[in-house]
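Both ligands and their constituent atoms are indexed starting at 1 by order of listing. All figures in this text were calculated on a predicted structure; none of them were measured in a lab.
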Amino acid sequence: MSELDLNNIPKHVAIIMDGNGRWATNRGKDRVYGHMNGVESVRAAVKSAVKFGIKHLTLYAFSTENWDRPQKEVNALMDLLVTTLVNESNELFDQGVQLKTIGDLSALPEECQESLEKAKSKAPTPCTLVLTLALNYSSKWEIISAIKTMMDRGLNSTDIDETTVSKYLATSDLPDPELMIRTSGENRISNFMLWQLAYAEFHFSSVLWPDFREEHFLEALLDYQNRDRRFGGVSQSGN
Ligand code: FPP
């Protein structure tokens, strides 16, 4: 922690939480056991984000493709979401965490939608961290929805620039992430925030999500702080 430059903390970190299934299988358990243990890592990531002074944390919790998993696993994930929201929303509020979501919630079970709406309606002041859960989310879905809305509202091609597109995305009220972390050793972004990650730094960790703790988060931040972010230009040293 002492090596961390507190003047260079990303405002927004996005995480692809991956490896729950393998973590469980490695232990001879059902995949759902991995998701259950993944919740502890969500708790730890939120605490770490608050501690490191990160203002936005976005977690990829359920993609539009995840519906293709066995029904039992999908049901367990939905139940886990409801239970976690019911059990943790007071604690989140006390930590100053504001919950948000991106994704098409209308396809989620009613109980899930209700718990989410209730948890999101709690607005802590001051707000220390905005925790965004990507649920029934995919980037291609989001971009298509944005195009449809722009067309429905009669926008002309001349009205459309980067700012306009950003405004029509589900993340219109969030800054773009400067850092994306993916766990489990997979090096891809799986339809996650394709537009918003255009200039983000990527940190791929070999740790499986249920094992992800503050030390791994710190490792990702240190890796980020060692990067030379040029945004298509040249570095200040000219190298
Ligand atoms: C990916 O691991 C993980 C998910 C699709 C679900 C993530 C859900 C949680 C961490 C628990 C609930 C979340 C909240 C916010 C309460 P995988 O199953 O694809 O792992 P594998 O690649 O090893 O099979």
* Asn75 and its side-chain hydrogen bond (donor to acceptor under 3.5 Å, both in side chains) partner, picked from Lys72, Glu73, Gln71 -> Gln71

* Asked: Can a salt bridge be assigned to the pair Lys47 and Glu214 using a cut-off of 4.0 Å between side-chain N and carboxylate O?
  -> no

When you compare ligand 1 with [X], is there at least one nitrogen or oxygen pair between them that comes in under 3.5 angstrom?
| X | answer |
| --- | --- |
| Val39 | no |
| Arg22 | yes |
| Gly21 | yes |
| Tyr60 | no |
| Trp209 | no |
| Arg69 | yes |

Any donor-acceptor pair under 3.5 Å from [X] side chain to [Y] backbone:
| X | Y | answer |
| --- | --- | --- |
| Asn8 | Asp5 | no |
| Trp209 | Gly38 | yes |
| Ser166 | Glu162 | yes |

Among all protein non-hydrogen atoms, which one is nearest to [atom], and what is the separation to 0.1 Å?
| atom | answer |
| --- | --- |
| atom 15 (C) of ligand 1 | Leu133 CD2, 3.8 Å |
| atom 11 (C) of ligand 1 | His35 O, 3.7 Å |
| atom 5 (C) of ligand 1 | Asn66 OD1, 3.6 Å |
| atom 6 (C) of ligand 1 | Ala61 O, 3.4 Å |
| atom 1 (C) of ligand 1 | Met17 O, 3.1 Å |
| atom 13 (C) of ligand 1 | Val42 CG2, 4.4 Å |

* To do: Identify, by atom number and element, the atoms of ligand 1 in contact range of Thr84, meaning under 4.0 Å from any of its heavy atoms.
  => 16 (C)

* Asked: In terms of atom number and element, which parts of ligand 1 are under 4.0 angstrom from non-hydrogen atoms of Arg31?
  ->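 It comes down to these atoms of ligand 1: 17 (P), 18 (O), 24 (O).
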
Under a 3.5 Å cutoff, is there a donor and acceptor pairing between the side chains of [X] and [Y]?
| X | Y | result |
| --- | --- | --- |
| Trp67 | Asn136 | yes |
| His56 | Thr132 | no |
| Asn37 | Trp23 | no |
| Arg22 | Ser184 | yes |

Are any of the heavy atoms in [X] under 4.0 Å away from ligand 1?
| X | result |
| --- | --- |
| Asp18 | yes |
| Ser184 | no |
| Met36 | no |

* Structure fact -> Filtering Val82, Asn20, Asp79, Leu135 for the heavy atom nearest atom 7 (C) of ligand 1 leaves Asn20

* Asked: Does Asn66 reach the side chain of Leu77, with side-chain heavy atoms less than 4.5 Å apart?
  -> no

* **side chain to side chain donor-acceptor pair (under 3.5 Å) between Asp161 and Thr164, intermediate numbers included** => CA-CA 5 Å; Asp161 57 15; Thr164 326; 2.6 Å; yes

